[in-house]
There are 2 protein chains.
Amino acid sequence: MDRRTNMQILAANELFAGAGAEAIAAAYDASVGETFAAGETLFDQGAPATKLFAVFGGRVRLTQCTEDGQQVLIRYVGAGELAGFPVLADSPQYLLTAMAVHSVRAAHWDGPVIRNQIRANPVLAGNALSVLGRRYEQLQTRLRELSTENVEHRLAHTLVLLIEEAGERVPEGLKVGFPISRQDLAEMAGTCLHTVSRTLTGWEAQGLVGRGRQRVLVRDLEGLRALAES
Amino acid sequence: MDRRTNMQILAANELFAGAGAEAIAAAYDASVGETFAAGETLFDQGAPATKLFAVFGGRVRLTQCTEDGQQVLIRYVGAGELAGFPVLADSPQYLLTAMAVHSVRAAHWDGPVIRNQIRANPVLAGNALSVLGRRYEQLQTRLRELSTENVEHRLAHTLVLLIEEAGERVPEGLKVGFPISRQDLAEMAGTCLHTVSRTLTGWEAQGLVGRGRQRVLVRDLEGLRALAES
DNA sequence: CGGCTACTTGACCAGATTCAACTCTTGTGG
DNA sequence: CCACAAGAGTTGAATCTGGTCAAGTAGCCG
């Protein structure tokens, strides 16, 4: 891919929206392109936070692990999004593990490099703040759901968000555009895979969803949304 | 209070740490001082996000409410801290309600004003990012706890954090430095006030804590910490 | 075909919420 | 100054959501 195309890809990233062409060029020249195979980690929980990643294609899963091996899935990061916020905030280490779900194209910058770029450009600083702010608000909302809503609501909402973020039209309805297991859904909704499985079985009987291995098909998005609100 | 004192107070705020004297003076001149009586709100959930607040004294409670009136307590904000992040991130509305627990001294800036200050000063931009980043990480961790830990662990951890943030030495041990009800604790730990009450009763029998109206006394901080970790 | 992983399903159990009744504090007004 | 109302907290009993344990099935890849 030529330089021009790559710069366009970068310009589409949430951090660089509205930044001038020179800023994007500078960021591009300072970046290091990379690809990751499915299962590779971009960074690991507990490691020193050294690189900020911009994802261009594929899907990255951000999880936090407890000592006894339980996981929580914080979010999926897709094309145009960032991963590795601790680097922006100048925090010492990653609190999450970022793993490629399937082949990922990305770029990274070393902490001091990207912090310099941001310092030099108020637009980038503003973007960084608003991206972090949005993420913060999403977490707040999830926290509230987790303490006040029951599993079915939470799972319905999780599915709705996944479809909105990565839904793909198929003949029978909408499907999540990347492989996702019952375990993954459980870790997102704050429950166990058994309960997810049971709930999906129930929903299938009601015609809301279809099921498959590492795959969920949504037949009635509005129905799910209604479940998530109620 | 004279201008000089006020500027020192501002300089101690997390947003202005390390900013030059001129930047602090400029921020001070652009700020509007205010006080709030116990129970007054600095801003309300759903209202347009117009002002960023810096708290100088007292304690502010940030809560998110569900439609049916259930609340989640996101955090307490004390002296030297900020409230109203959506303004920094240029989000349209507050997702939280900020209420004074007891008399609060604060200052505020209108969104465009403070965003200008930040745009003009990379130190402020960096501080804003790192403050938001820290808050984000705290939420992440709480989210993980809420999905993986049981009530007793979570409540123990909640208490430990409260003591670390606002603990005051008293003859019998440490107490939380502001009035806090069982309901408040429940909303922080993601449970109901009955369970909090029962748990505290149990802990009192073990000599870990003492109880009082809107008051919790910690007798054995290390013991609590052990409970929170295990 | 064999083995691995993902998934399903039933039975059981427990932590935690809900419901309800009651007590203790604190502050207010007659 | 006392009575009383309102708010905060405690506690027991019943219930239930959802997690754990266990066993078995289905799909996928070498």
Side-chain angles (χ1 to χ4, degrees), chain A residues 37-39 61 66 68-73 99 101-102 145-159 175-176 178-205 209-217 227 230, chain B residues 37-39 61 66 68-73 99 101-102 145-156 158-159 175-176 178-206 209-217 227 230:
Chain A
R61 201 175 62 158
T66 62
D68 58 327
Q70 288 187 83
Q71 285 195 340
V72 178
L73 209 164
M99 180 177 286
V101 173
H102 47 203
E145 282 182 10
L146 204 49
S147 10
T148 63
E149 245 91 61
N150 67 12
V151 170
E152 190 173 30
H153 285 71
R154 271 151 36 207
L155 188 57
H157 193 205
T158 300
L159 258 184
K175 73 175 186 66
V176 178
F178 51 89
I180 188 163
S181 69
R182 303 291 179 270
Q183 178 72 36
D184 293 326
L185 288 170
E187 287 170 10
M188 293 188 84
T191 178
C192 62
L193 81 167
H194 306 99
T195 300
V196 171
S197 179
R198 275 184 256 269
T199 307
L200 289 183
T201 303
W203 287 349
E204 182 168 55
V209 302
R211 295 176 297 158
R213 189 189 172 84
Q214 307 226 69
R215 195 170 151 282
V216 184
L217 170 78
L227 265 183
S230 81
Chain B
R61 201 174 62 157
T66 62
D68 58 326
Q70 288 187 85
Q71 285 196 341
V72 178
L73 209 164
M99 180 177 285
V101 173
H102 48 202
E145 282 181 9
L146 204 48
S147 11
T148 64
E149 244 91 61
N150 67 14
V151 170
E152 190 172 28
H153 285 72
R154 275 157 25 211
L155 187 58
T158 300
L159 258 184
K175 74 174 185 65
V176 178
F178 51 89
I180 187 163
S181 68
R182 304 291 180 269
Q183 178 72 37
D184 293 327
L185 288 170
E187 286 170 11
M188 293 189 84
T191 178
C192 61
L193 82 167
H194 305 99
T195 300
V196 170
S197 179
R198 275 184 256 269
T199 307
L200 289 182
T201 303
W203 287 349
E204 183 168 55
Q206 299 168 47
V209 303
R211 295 175 297 160
R213 189 189 172 84
Q214 307 226 68
R215 195 171 149 281
V216 184
L217 171 77
L227 265 183
S230 81

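The sequence lines fix the lettering, A, B, ..., with proteins before strands; numbering per chain opens at 1. All values below come from the heavy atoms of this structure, side chains included, with hydrogens, waters and symmetry mates left out.
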Looking at every heavy atom in both A:L146 and B:S147, which two are closest together, and how far apart are they?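 Smallest heavy-atom distance, with atoms named: CD2-OG, 3.9 Å.
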Gap separating the [atom1] atom of [X] from the [atom2] atom of [Y], nearest 0.5 angstrom:
X      : Y      : atom1 : atom2 : answer
B:Q214 : B:D184 : CD    : CG    : 7.5 Å
A:E187 : B:T148 : CD    : OG1   : 10.5 Å
B:M99  : B:L73  : CE    : CG    : 11.0 Å
B:L155 : B:L200 : CG    : CG    : 5.5 Å
A:T158 : A:E145 : OG1   : CD    : 7.0 Å

Step-by-step side chain to side chain contact (heavy atoms under 4.5 Å, CB included) determination, A:V216 to A:R182: CA-CA 9 Å; A:V216 184; A:R182 303 291 179 270; 4.1 Å; yes
What one-letter contact string describes nucleotides 4-14 of chain C from 5' to 3', where B marks a base within less than 4.0 Å of any protein heavy atom, S marks contact via sugar-phosphate atoms alone, and - marks no contact? -BSSBBBB---
Range on DNA chain D touched by chain A - first to last nucleotide, heavy-atom distance under 4.0 Å: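 With heavy atoms of chain A under 4.0 Å away, the range is D:dG18 to D:dC28.
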Rounded interatomic separation in angstrom, taking CG from B:N150 and P from C:dT17: 11 Å
With B:N150, which of B:H153, B:E152, B:R154 fulfils side-chain hydrogen bond (donor to acceptor under 3.5 Å, both in side chains)?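 The side-chain hydrogen bond (donor to acceptor under 3.5 Å, both in side chains) with B:N150 is passed solely by B:H153 among B:H153, B:E152, B:R154.
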Check the pair B:V196, B:Q183 against side chain to side chain contact (heavy atoms under 4.5 Å, CB included), reporting the backbone distance first and the verdict last. CA-CA 8 Å; B:V196 170; B:Q183 178 72 37; over 6 Å; no
Describe, as an angle rounded to 10 degrees, how the axis at the first end of the helix from C:dC1-D:dG30 to C:dG30-D:dC1 is tilted relative to the axis at the last end, five pairs per end.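 Here the helix ends are tilted 30° relative to one another.
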Any donor-acceptor pair under 3.5 Å from B:S197 side chain to B:L193 backbone: no
